[in-house]
Amino acid sequence: MRGSARSGGPRGDAGSGCVRGAVLTALGAALVACGVQPTGVIDAGEPASGLTRGMRLYYASDTGLRAVPVLDRESGSLDAVMKLLAQGPTAAERREGLTTLLHAPSGYAVTGDGPRVTVELEGPYWAEARDQVTGQLVCTLASFQSVSEAEVRADDVEVTISPGEGPDLGPLRCAEYLDG
């Protein structure tokens, strides 16, 4: 009979629960006796922000830009990433309210060197420097550049847009588009 009580019968469970309760009560009393006082909630500041590691496409939403990890889509170059962004989100991402505002121009070249990325357009640039479409472009290219050059942090990447007509935009950083 002794074996059955120890093998998890009702009496064994109740006994072990009482022992655990007694141990926890003793530990709690010891902590209070040592002067350890309970504390309330401590405000540790804002949640982490900024760009994360890993290739991400940035899509527009009602609440601003949202990053989507690139898991199964081909993204071997800055040009390929720009084409992916112009194709837009998947059906599942669209159901979450994501869209792309970027429409790939007919003639462009994207180059990256360290923390600098340049988008050279044959024609004019179709958006303003502070538009969400520009943010999509800047953040997506910064994300890819930091993945392709591991020593470069995405937060440090500066993107310049050089239209065939009109002044250059930039250098622009992704953080300028994620703050609001």
Side-chain angles (χ1 to χ4, degrees), residues 41-180:
V41 175
I42 298 173
D43 186 12
E46 296 296 316
S49 64
L51 293 162
T52 58
R53 294 295 292 171
M55 177 55 212
R56 300 198 182 320
L57 296 173
Y58 283 79
Y59 291 121
S61 76
D62 290 342
T63 59
L65 294 180
R66 286 201 16 219
V68 175
V70 176
L71 303 174
D72 59 351
R73 296 178 247 187
E74 187 62 35
S75 58
S77 69
L78 288 165
D79 284 329
V81 168
M82 195 155 156
K83 288 176 187 172
L84 273 177
L85 184 60
Q87 287 173 1
T90 64
E93 292 162 349
R94 284 192 303 273
R95 284 191 297 273
E96 292 181 22
L98 302 180
T99 189
T100 187
L101 302 172
L102 177 73
H103 303 285
S106 58
Y108 67 91
V110 186
T111 57
D113 182 23
R116 289 180 189 74
V117 173
T118 303
V119 180
E120 293 183 30
L121 303 172
E122 289 180 4
Y125 184 61
W126 57 95
E128 299 292 322
R130 297 293 171 236
D131 285 352
Q132 210 175 39
V133 64
T134 304
Q136 281 188 262
L137 184 60
V138 169
C139 291
T140 297
L141 293 175
S143 171
F144 183 84
Q145 186 67 7
S146 72
V147 169
S148 64
E149 297 196 24
E151 70 280 356
V152 175
R153 290 177 7 143
D155 288 330
D156 296 333
V157 175
E158 295 179 330
V159 177
T160 300
I161 301 169
S162 296
E165 304 170 18
D168 287 356
L169 278 86
L172 305 166
R173 291 179 184 232
C174 183
E176 299 172 34
Y177 302 93
L178 299 179
D179 291 336

Discussion item. For Q145 and E149, which I'm curious about, is there any donor-acceptor pair between the side chains at under 3.5 Å?
Written reply: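 E149 and Q145 do have a side-chain donor-acceptor pair below 3.5 Å.
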
Do you know the tightest heavy-atom contact between [X] and [Y]?
X	Y	result
R94	P89	NH1-O, 2.7 Å
V70	L57	CG2-CG, 3.5 Å
P124	L121	O-CD1, 4.2 Å

Practice prompt. Could you walk me through whether E96 and E93 pass side-chain contact (heavy atoms from CB on, under 4.5 Å), step by step?
Written response: CA-CA 5 Å; E96 292 181 22; E93 292 162 349; 5.6 Å; no

Could you tell me the separation between the [atom1] atom of [X] and the [atom2] atom of [Y], rounded to the nearest 0.5 Å?
X	Y	atom1	atom2	value
E120	T160	CD	OG1	10.0 Å
Q132	C139	CD	SG	10.0 Å
T100	L84	OG1	CG	10.5 Å
D168	I161	CG	CD1	9.5 Å

Discussion item. Does Y59 form a side-chain contact (heavy atoms from CB on, under 4.5 Å) with T140? I'd like the steps, not just the answer.
Written reply: CA-CA 9 Å; Y59 291 121; T140 297; over 6 Å; no

Discussion item. Apply side-chain contact (heavy atoms from CB on, under 4.5 Å) to residues R130 and Y177 and explain how you reach the verdict.
Written reply: CA-CA 7 Å; R130 297 293 171 236; Y177 302 93; 3.5 Å; yes

Discussion item. So that I can tick it off, tell me whether D113 and R116 are bridged by a salt bridge, with the cut-off set at under 4.0 angstrom between side-chain N and carboxylate O.
Written reply: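 So R116 does not pair with D113 through a salt bridge.
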
Test item: [X] and [Y] side chains (from C-beta on) under 4.5 Å apart, heavy atoms:
X	Y	answer
V138	Y58	no
L137	V159	no
V157	V117	yes
S143	M55	yes
F144	R56	no

Would a distance-only check, ignoring hydrogens and angles, find a side-chain to backbone donor-acceptor pair under 3.5 Å from [X] to [Y]?
X	Y	result
T134	E128	yes
R173	D155	yes
Q136	L101	yes

